[in-house]
Protein chains: 2
Amino acid sequence: MNKKETSPLYKKVIDDLKTLIDKGAYKKGELLPSENDLCKTYSTTRVTVRQALTGLTNMGYITRRHGKGSIVSEPRQGLGILSLSGVTAGVGDQVLTTAILQKQTKQNWPADFFYELNPEEQSRGCIFFTRLRHIDGMPVLYEETYITNISLARFSSRNLENCSLFKVLKEHYKIEVNEGEQKIWAIHADKNISKLLDIKTSHPVVHMKRRLQTNVKNLSIYSSVYCNTAAYFLHDYF
Amino acid sequence: MNKKETSPLYKKVIDDLKTLIDKGAYKKGELLPSENDLCKTYSTTRVTVRQALTGLTNMGYITRRHGKGSIVSEPRQGLGILSLSGVTAGVGDQVLTTAILQKQTKQNWPADFFYELNPEEQSRGCIFFTRLRHIDGMPVLYEETYITNISLARFSSRNLENCSLFKVLKEHYKIEVNEGEQKIWAIHADKNISKLLDIKTSHPVVHMKRRLQTNVKNLSIYSSVYCNTAAYFLHDYF
DNA sequence: AGATTTATCTTGTATATACAAGTTGTTTTA
DNA sequence: TAAAACAACTTGTATATACAAGATAAATCT
């Protein structure tokens with residue numbers, strides 16, 4: 001968790017506040033310290049503090065009200081892209097477990113890959129692995145992931161089970177996702193999917209194809225996701 | 001299209017660039033004028049220009065590269081939340097038509113409404129209407145919309161057919177969406193939905209429930225959306 | 001007591017400036 | 001010629017400052 005000393009101040013402010021919100025130090029609906037307070041805390045000016053708060057706003061961590069302050073939104077794990085939420089109560093991390101079905105291995109891109117690849121990516125090949133996420137022991141989400149092979153040290157031996165892929169990429173390789181796109185369909189589960197998610201064939205599932213672009217050139221993360229939304233739904237903030 | 005003279009400069013810059021991108025004056029992959037160029041054009045400073053460019057980045061209109069410039073992304077209509085894209089070619093606006101099934105009427109909120117309402121919203125009631133969107137004449141997306149009733153002048157008589165609801169809200173009432181959330185399920189089409197979307201019962205469809213918050217206090221837009229993703233998919237950038 | 005004003009918080013918008021650092025093409029050097 | 005250095009662009013980060021405008025509670029006035 002060591003902070004690069006050259007890391008910009010506004011990012012440190014984002015990280016600090018994000019951690020406090022995730023930890024529950026600031027709860028939903030509460031106000032963050034005012035911009036001027038944060039200026040004093042970090043010995044900086046409002047432009048920098050506001051850059052951090054704008055970032056948190058875009059991540060969905062807070063909303064801001066003119067004359068009022070920065071209001072903490074629902075805490076969220078991961079990227080805030082498409083996280084899972086339970087219909088009953090808020091599903092905490094503790095009940096969400098991930099099993100690796102196929103361990104990450106280097107290989108060539110599939111011939112009929114679902115996104116266009118540039119020649120650079122094409123030549124590098126990819127790392128492929130599949131995971132199955134459970135909530136309360138029930139399989140809910142199956143994910144096939146392809147990452148451009150840019151020879152990440154020891155990546156093949158990393159354990160992606162408990163912590164998220166994104167955490168590993170960020171903490172060990174300083175790789176962060178900065179944009180992406182996703183396509184969404186509703187489909188009937190085929191034989192394979194229905195077996196994995198333990199549902200009947202022809203049960204409707206959400207199918208997503210995602211492309212996540214990182215701060216590293218030519219390093220994209222592609223994934224194909226299948227989700228059983230019978231008991232849970234996909235939740236998205238923006 | 002008259003610009004409020006008190007509208008902030010950075011918003012004007014956003015609007016101008018957005019229009020130019022949507023019109024195709026700047027095409028995908030091209031570079032926008034540099035920040036310093038934009039400063040000269042608008043007689044302002046980089047902080048303001050960057051505020052605009054940050055906005056456009058978050059809307060998904062551009063991506064920025066250190067030392068390079070602001071690169072135009074895929075042009076997108078609407079809010080960039082979840083727009084429709086064709087599987088074959090990019091679906092232009094021309095083929096997307098919208099039919100009003102039930103015209104907007106003032107009424108009370110349903111007793112079992114799918115989002116929690118605050119007392120203020122509850123007492124105001126809502127405006128309800130339903131729309132069916134077609135691509136190439138085929139029904140693809142059915143949408144039930146609820147807007148908090150804050151007595152928008154002449155709103156009940158507005159035509160929401162061709163232009164988007166968001167355009168009407170913005171141009172006539174200066175209402176803009178600033179955040180929101182959505183929940184996504186895959187379900188079997190029931191009798192009603194299958195009839196509307198002209199598909200067999202039990203055909204899988206994407207069901208979304210959305211809450212969009214606007215810049216006007218207590219004015220939220222709620223919608224329940226059903227989408228046939230057999231020929232098209234839901235597309236999302238972030 | 002109840003309405004109005006005021007003071008003081010808050011965030012929103014903006015100017016002016018400086019240097020760091022990534023990108024690219026040109027020039028110089030070996 | 002090929003590599004290295006440089007210049008001139010670009011965006012990234014940051015300081016310092018100012019005034020506008022929304023929110024709120026205390027102080028004042030009727």
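The structure presented is a predicted model; accordingly, all values stated were derived computationally and were not measured. In what follows, every chain begins at residue 1, and chains take the letters A, B, ... in the order their sequences are listed.
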**OP:** Round to the nearest Å and state the distance from His66(A) atom NE2 to dA14(C) atom P.
**Re:** 12 Å
Original post:
Ser224(A) pairs by side-chain hydrogen bond (donor to acceptor under 3.5 Å, both in side chains) with which of Lys209(A), Arg210(A), His207(A), Glu143(A)?
Top reply: His207(A)
Original post:
Side chain of Asn36(A): nearest nucleotide among dT24(D), dT13(C), dT11(C)?
Top reply: dT11(C)
**OP:** Identify which nucleotide among dA14(D), dA14(C), dT13(C) has an atom closest to any side-chain atom of Leu9(A), counting heavy atoms from C-beta outward.
**Re:** dA14(D)
Subject >> Length of the line joining Lys11(B):NZ and dA21(D):P, which is rounded to integer Å >> reply: 14 Å
Original post:
How is Ser43(B) classified with respect to the nucleic acid when contacts are heavy atoms under 4.0 Å: base, sugar-phosphate, or nothing?
Top reply: sugar-phosphate
**OP:** To the nearest Å, give me how far apart CG (Asp37(A)) and C1' (dT8(C)) are.
**Re:** 14 Å
**OP:** Assign each of Glu35(B) and Gly67(A) to its nearest nucleotide of DNA chain D by heavy atoms, then name whichever residue's nucleotide is nearer the 5' end.
**Re:** Glu35(B)
Original post:
Which is true for Leu31(A) with a 4.0 Å heavy-atom rule: it touches a base, it touches only sugar-phosphate, or it touches nothing?
Top reply: nothing
**OP:** Answer yes or no: does a side-chain N or O of Thr48(B) lie under 4.0 Å from OP1 or OP2 of dT15(C)?
**Re:** yes
Original post:
How close or far is atom P of dG12(D) from atom CD1 of Ile62(B), stated in whole angstroms?
Top reply: 9 Å
Original post:
Counting side-chain heavy atoms from C-beta on, which of dT13(C), dT15(C), dT10(D) comes nearest to Pro8(B)?
Top reply: dT13(C)
**OP:** Please work out whether the ring planes of Tyr115(A) and Tyr222(A) are parallel, tilted or perpendicular, with thresholds of 30° and 60°.
**Re:** tilted
Original post:
Is there a donor and acceptor pair closer than 3.5 Å between the side chain of Arg46(B) and the base of dG12(D)?
Top reply: yes
Original post:
Could a donor-acceptor pair under 3.5 angstrom be found where the side chain of Arg65(A) meets the base of dG12(C)?
Top reply: no
Subject >> Atom pair distance, as rounded to whole Å: CG in Leu38(A) and P in dT15(D) >> reply: 13 Å
Original post:
Starting at CZ of Arg64(A) and ending at P of dA21(D), how long is that distance when rounded to a whole Å?
Top reply: 19 Å
Subject >> Shortest non-hydrogen contact from Leu117(B) toward Glu121(B) >> reply: CA-OE1, 3.5 Å
**OP:** Just compare dA14(D), dA14(C), dT11(D) and give me whichever is closest to any side-chain atom of Tyr10(B).
**Re:** dA14(C)
**OP:** Describe, in one word, how the ring planes of Trp109(B) and Tyr146(B) are oriented to each other, choosing from parallel (under 30°), tilted (30 to 60°) and perpendicular (over 60°).
**Re:** parallel
Subject >> Rounded distance (Å) that lies between atom P of dT11(D) and atom CD1 of Ile71(B) >> reply: 10 Å
**OP:** Ignoring the backbone of Gln51(A), work out which of dT10(C), dT11(C), dT13(D) is nearest its side chain.
**Re:** dT13(D)
**OP:** Just call it for Thr45(B): base, sugar-phosphate, or nothing, with non-hydrogen atoms closer than 4.0 Å on any strand.
**Re:** base
Subject >> Distance test, side-chain N/O of Arg50(A) to OP1/OP2 of dG12(C), below 4.0 Å >> reply: yes
Subject >> Residue met sooner reading DNA chain D from 5', once Lys68(A) and Tyr42(A) are mapped to nucleotides >> reply: Tyr42(A)
Subject >> Shortest non-hydrogen contact between Gln102(A) and Phe129(A), atoms and distance >> reply: O-CB, 3.2 Å
**OP:** Grab the two heavy atoms, one from Val72(B) and one from Lys27(B), that are nearest each other, plus how far apart they are.
**Re:** CB-O, 3.4 Å
